[in-house]
Each structure stands twice: as structure tokens, then as C-alpha cells.
Amino acid sequence: MSRFIFITGGVVSSLGKGLASAALGALLQARGYKVRLRKLDPYLNVDPGTMSPFQHGEVYVTDDGAETDLDLGHYERFTGVPARRTDSVSTGQIYMDVLTRERRGEYLGATIQVIPHVTDAIKAFILGDVTDEDFVLCEIGGTVGDIESLPFLEAIRQLGNELGRERTLFVHLTLVPYIKSAGELKTKPTQHSVKELQSVGIQPDILLCRADMDIPADQRRKIGLFCNIRHEAVIAALDVPSIYDVPLSYHAEGFDDEVCRHFGLLGDPDELDLSVWQSISRTVAQPEGTVKIAIVGKYTSLLDSYKSLAEALTHGGIANAVKVELDWIDSEIFENEDAIHHLEGVHGILVPGGFGERGAEGKIEAVTFAREHQVPYFGICFGMQMAVIEAARNLSGIKGAGSTEFGPCEEPVVGLLTEWMRGNVREERGADTDLGGTMRLGAYDCDLQENSRVREIYGTAQISERHRHRYEVNNTYQPRLEAAGLRFSGLSPDKNLPEIVEIPSHPWFVGVQFHPELKSKPFDPHPLFTSFIAAAVDQSRLV
Ligand code: GLN
């Protein structure tokens with residue numbers, strides 16, 4: 001029977017609950033357990049798909065096509081367990097579900113209330129779609145004390161009673177700040193946050209205390225005393241140089257031991273295998289060189305917008321034993337003359353996914369620079385579409401080439417995707433379809449052409465990658481583009497949708513319609529990122 005671990009956060013947001021949950025998942029796996037991780041978000045949006053990346057960060061897409069919170073990316077990167085649609089829920093989704101059922105008359109005349117109807121729907125989500133997992137880790141978004149998260153806290157409180165202590169554990173992540181003028185660590189915010197949690201009936205079993213220095217034993221005892229917790233269960237979550245050091249640091253502080261102790265599972269410590277994390281930590285700490293990659297995008301002011309991308313580049317660095325330095329550049333600057341010199345000296349240029357016209361011409365300028373100067377170029381989704389427009393204009397002489405995403409256009413080299421196949425089901429969309437959840441989303445197969453660079457990189461003829469896009473390269477332009485040197489090296493199995501383009505005569509020029517960054521892991525770097533960073537290493541020897 002699965003056990004449920006609930007992770008809440010207090011004091012301030014951004015303490016890294018997602019990372020804490022992911023790292024605990026990895027530690028439980030290292031003890032041989034099967035885990036699953038889930039996120040419950042208190043906002044009213046049905047999913048984060050329509051939220052601005054500036055506010056909410058990246059939208060993480062699962063194989064089964066759900067648009068979810070970026071924390072699901074951490075979960076996958078640390079555990080390798082593919083996230084599913086059933087691993088992410090928001091208040092908006094819960095209410096939509098409850099209200100749809102109310103309209104159908106499924107509540108038989110009852111007055112619909114937060115308790116029990118909304119809390120029942122939350123509990124059904126937590127308990128649903130669980131099979132043989134030993135542990136299901138559920139992270140509650142937001143900070144304890146927020147109005148929005150109350151129904152979630154009530155639901156997990158009820159589950160604590162219903163399943164019992166043998167099957168539930170409450171972990172609370174707080175902050176123990178160092179106050180310079182007093183010269184000491186302060187425990188009061190943690191005490192207050194735990195009181196807040198206790199006031200809704202939840203007694204945390206373990207406190208994970210973020211601190212930038214070791215928390216002395218007497219301070220732990222004090223926290224334990226005031227928060228009604230054994231002092232051994234007050235764990236320091238110390239700042240570490242790399243996020244991939246977190247599992248080792250938590251283990252050194254006894255986090256996983258405490259979790260196992262709670263469930264009566266303290267087995268033979270020899271069974272614990274942390275060698276994967278030790279080796280990643282070592283490689284990250286002692287790189288053999290550095291490469292500099294320019295990321296030319298739009299959401300560069302909030303780096304969380306490109307979370308998986310930044311991690312995938314780090315993974316490419318791990319595979320090549322180098323440090324990858326990222327230079328985030330707002331593409332709009334290239335729309336002014338002379339700005340292109342910002343790209344001189346970088347070892348690779350990457351244009352990531354994006355939406356809308358603003359900054360698009362600047363991205364196209366960056367593609368021209370990479371193509372003409374033989375700098376490794378990696379275009380992802382929007383970055384692939386811009387590469388195709390660039391080639392159409394400057395290699396094939398199609399001057400009016402553009403994307404209908406920016407309005408009507410003379411030569412729609414990139415156009416609205418109105419129908420495609422999902423397995424044997426036809427999906428159809430129009431210009432006036434709802435925006436939420438209607439893109440081409442999730443895993444689709446792609447066939448790789450013989451003797452292409454990508455076929456060599458992947459070492460296989462068919463791949464499956466995750467998508468999130470509404471527009472697509474128009475394959476009627478394929479003959480003219482290929483004649484000019486842009487090869488269509490990956491196509492959908494029905495051959496209708498161009499998935500990958502490359503320039504064979506360039507040292508490394510690849511554009512992909514999908515998001516390979518979503519599937520990269522530190523212990524299993526994505527082949528495209530490994531190969532792109534290898535090309536950047538070669539480039540670094542030239543410049
Ligand atoms: N805006 C483009 C589209 O919808 C690209 C999307 C993306 O980069 N994820 O097709």
C-alpha cells in the first residue's frame with residue numbers, strides 16, 4: 001500500500017519546495033523504493049498554459065500532453081519517472097470538476113460546499129491513479145497562511161486521519177535566516193509558520209529548515225521544543241553550490257533516515273546507492289573547461305521561464321565534462337544595428353521556444369549570424385521556425401517569408417496548424433479555437449532521415465519527443481528550402497509535419513519543432529544537448 005508524503009512550505013515563497021520534494025524522491029529511489037511525485041497548485045487558472053512565463057515561469061509539458069507547473073520538471077529530472085496529467089492539479093481544475101458535476105446533477109440536490117465537496121475532489125486527486133508506488137510525494141504549492149491553499153491543507157489533514165500515521169507524513173519547509181546585526185540564526189519565523197500549520201490541524205513530522213549555515217544543535221532543540229517535534233526531525237537544508245548536490249546534502253543531514261524511521265522502514269544502510277549523485281556532483285564541481293552559450297530569447301528577465309532549458313544545457317555540460325556558461329540575451333537588442341557584436345566569441349547560439357512577434361526579427365538576426373559565422377546553432381520550437389524563415393529569406397530568396405502567428409503574410413513559411421494525427425485520431429483546430437490546452441501537446445513520434453546528423457546523434461530511426469506549439473513549418477516550401485541547403489531531416493510518421501531541419505554544410509545547425517529539454521536528466525543527458533555542447537567545445541578551440 002502506498003504511503004503519502006505531504007510537503008508544505010512556510011515563511012516565504014521560493015524556498016525550493018519543488019526541489020526538496022524531487023531530492024527526497026531521488027533519495028527514496030536510492031533506497032530501492034518506487035516513487036511518484038505530484039503538485040497541487042492553489043491558483044484559479046485551470047492550468048498554467050495560459051499564464052505569462054514572466055509571472056509563472058516555464059510551462060512543463062508531460063508525455064500525455066498536460067501543461068503543468070515547472071516543479072514537475074524537477075521531479076522528472078531527479079527521479080526519471082515520467083510525469084503524467086494525473087500528477088498536477090490546480091484549484092481551478094478542482095472547481096471545474098466539482099461545478100461540471102453539479103451541473104450534471106451528480107450531487108443529488110446537496111448544497112455544494114468547500115468541505116466536503118471540494119476537499120473530497122482534492123482527496124480523490126491525491127489517491128487516484130496510484131498503483132504499486134511505495135511513496136507518493138505531494139507538494140502543496142503556495143505558502144502556509146495563504147487563503148487559497150486552505151482547502152488543500154484541509155484535504156491533507158483529513159487524509160492524515162483517514163490513512164493513519166503509518167501511511168502519511170507531513171514535511172514542512174521553512175527558513176531559518178541569519179540576522180547579521182544580531183549575529184545569529186533566528187528560529188521565530190519557523191515557530192510562527194508551524195503555529196499557522198497547527199492552527200489548521202496539521203502537526204508537521206519533519207521540519208526542513210533552509211539556512212545558509214549549519215544550524216547548531218541547541219537551535220534545533222529550541223525549534224523542536226517550540227514546534228512539538230523531536231529535535232532529530234529538525235533537518236538543515238543548507239545552501240549548496242549546485243542543485244544536483246541537494247540529494248547528497250539532505251542525506252548527510254539525515255532527511256531520508258528520518259522519513260524511513262517515521263514509517264518504520266530503517267533497513268540495511270548498504271542498500272542505499274548514491275553513486276549516481278556522487279558522480280554528477282563531482283563532474284559539476286570539477287569541470288575540465290568552460291563553454292559560453294548565448295540564449296537569444298524573450299523571457300530572459302525571469303530565468304525560470306527557461307528552467308528545463310538551462311538544466312538541459314547543464315546536462316550537456318556534464319556529458320562533456322565542461323561548465324556551460326549561459327549568456328541570456330533579449331533578442332530585441334538585435335533589432336538595432338551593431339548589437340550583433342554581442343554574439344562574437346560565444347561558442348554556441350540557442351534560440352528557445354517563444355510566442356508572438358515581439359523580438360522575432362532579432363532572433364532571425366541571431367540565426368543569420370550563427371549560420372554565416374559557422375557558430376553552432378540550436379533552434380527549439382520557435383527557434384526552429386525562425387531558422388526556417390531565415391533560410392527562406394536569405395538562402396531561398398523568398399523575401400516575404402514569415403509566420404502567420406504575426407498576422408497575415410505573403411509567404412507563410414510557418415502557418416497555423418489546423419489538423420494533425422494523434423495516433424489514429426484526427427485533431428482539428430481553427431483560428432477561433434479556445435487558447436487553453438489546445439496546442440499540439442505532448443509526445444509525438446518523429447522519423448529521422450537516413451544519413452542525417454540527427455539520426456547519427458540519436459543513433460535510432462524513430463524518436464518520441466514532447467511538443468507544445470500552434471504553428472508549424474509549411475511543407476509546401478520544403479523543395480525550395482532543401483534545394484538551398486536546409487535539409488528536412490525529421491518528419492512526422494505521416495510525413496506531413498516537418499519536425500527537424502539541419503544544414504549539413506554547417507558545423508552544427510539543428511532546429512527542432514519539439515522541446516528536447518523536457519526530457520533531459522543529469523544522469524541521462526539528452527543526446528541533442530550532449531552533441532550541441534560537444535560542438536561548442538570544438539568551437540571554443542577555434543575562437
Ligand atoms: N509560437 C510558436 C507556435 O505556437 C512556437 C511555440 C513554442 O516555441 N513553444 O507554434
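Both counts, for ligands and for their atoms, begin at 1 and track the order of listing. What you see is a predicted model; the values in this text were computed from it and never measured.
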Engineer: Using heavy atoms and a threshold below 4.0 Å, how should the contact between Arg468 and ligand 1 be classified: side chain, backbone, both, or neither?
Structural biologist: backbone
Engineer: Taking the six-membered ring of Phe125, is the NZ or CZ of Arg38 close enough (under 6.0 Å from the centre) and on axis enough (within 45°)?
Structural biologist: yes
Engineer: If the cut-off is 4.0 Å to any non-hydrogen atom of Gly353, which atoms of ligand 1 fall inside it?
Structural biologist: 8 (O)
Engineer: Are Glu76 and Arg466 within salt-bridge range, i.e. N to O under 4.0 Å?
Structural biologist: yes
Engineer: Please say whether Gly354 places an N or O atom under 3.5 Å from an N or O atom belonging to ligand 1.
Structural biologist: yes
Engineer: Report the residues that fulfil salt bridge (charged side-chain N to carboxylate O under 4.0 Å, His left out) with Asp245, sequence neighbours left out, ordered by chain and then residue number.
Structural biologist: none
Engineer: What atoms of ligand 1 come within less than 4.0 Å of a heavy atom belonging to His515?
Structural biologist: 9 (N)
Engineer: If you have a sec, work out which protein heavy atom is nearest atom 4 (O) of ligand 1 and how many Å separate them, to one decimal?
Structural biologist: Arg470 N, 2.9 Å
Engineer: Please report which non-hydrogen protein atom sits nearest to atom 10 (O) of ligand 1, along with the residue it belongs to and the distance in Å to one decimal place.
Structural biologist: Tyr471 N, 2.8 Å
Engineer: Identify all side-chain donor-acceptor contacts of residues 14-22 below 3.5 Å with residues at least two apart in sequence or on another chain.
Structural biologist:
from  : atom 1 : to     : atom 2 : distance (Å)
Lys17 : NZ     : Ile140 : O      : 3.1
Lys17 : NZ     : Gly142 : O      : 2.7
Ser21 : OG     : Lys17  : O      : 2.7

Engineer: Using a strict threshold of under 4.0 Å (side-chain N to carboxylate O), is an ion pair present between Glu405 and Arg470?
Structural biologist: no
Engineer: Does some non-hydrogen atom of Met439 fall short of 4.0 Å from ligand 1?
Structural biologist: no
Engineer: Should Phe382 be counted as touching ligand 1, given the test is an N or O pair under 3.5 Å?
Structural biologist: yes
Engineer: With nothing but distance in play, are any N or O atoms of His469 less than 3.5 Å from an N or O of ligand 1?
Structural biologist: no
Engineer: What atoms in ligand 1 come closer than 4.0 Å to a heavy atom of Glu405?
Structural biologist: 1 (N), 2 (C), 3 (C)
Engineer: Verify the distance criterion only: is there a donor paired with an acceptor across the side chains of Glu499 and His467 at less than 3.5 Å?
Structural biologist: yes
Engineer: For atom 7 (C) of ligand 1, which protein heavy atom lies nearest, and how many Å away is it?
Structural biologist: Cys381 SG, 3.0 Å
Engineer: Phe78 vs Trp277 aromatic rings, parallel, tilted or perpendicular, using cut-offs 30° and 60°?
Structural biologist: parallel
Engineer: Counting the benzene-type ring for Trp, do His315 and Tyr244 have ring centres under 6.0 Å apart?
Structural biologist: yes
Engineer: Check contact between Glu472 and ligand 1, using heavy atoms of the residue and a distance below 4.0 angstrom.
Structural biologist: no
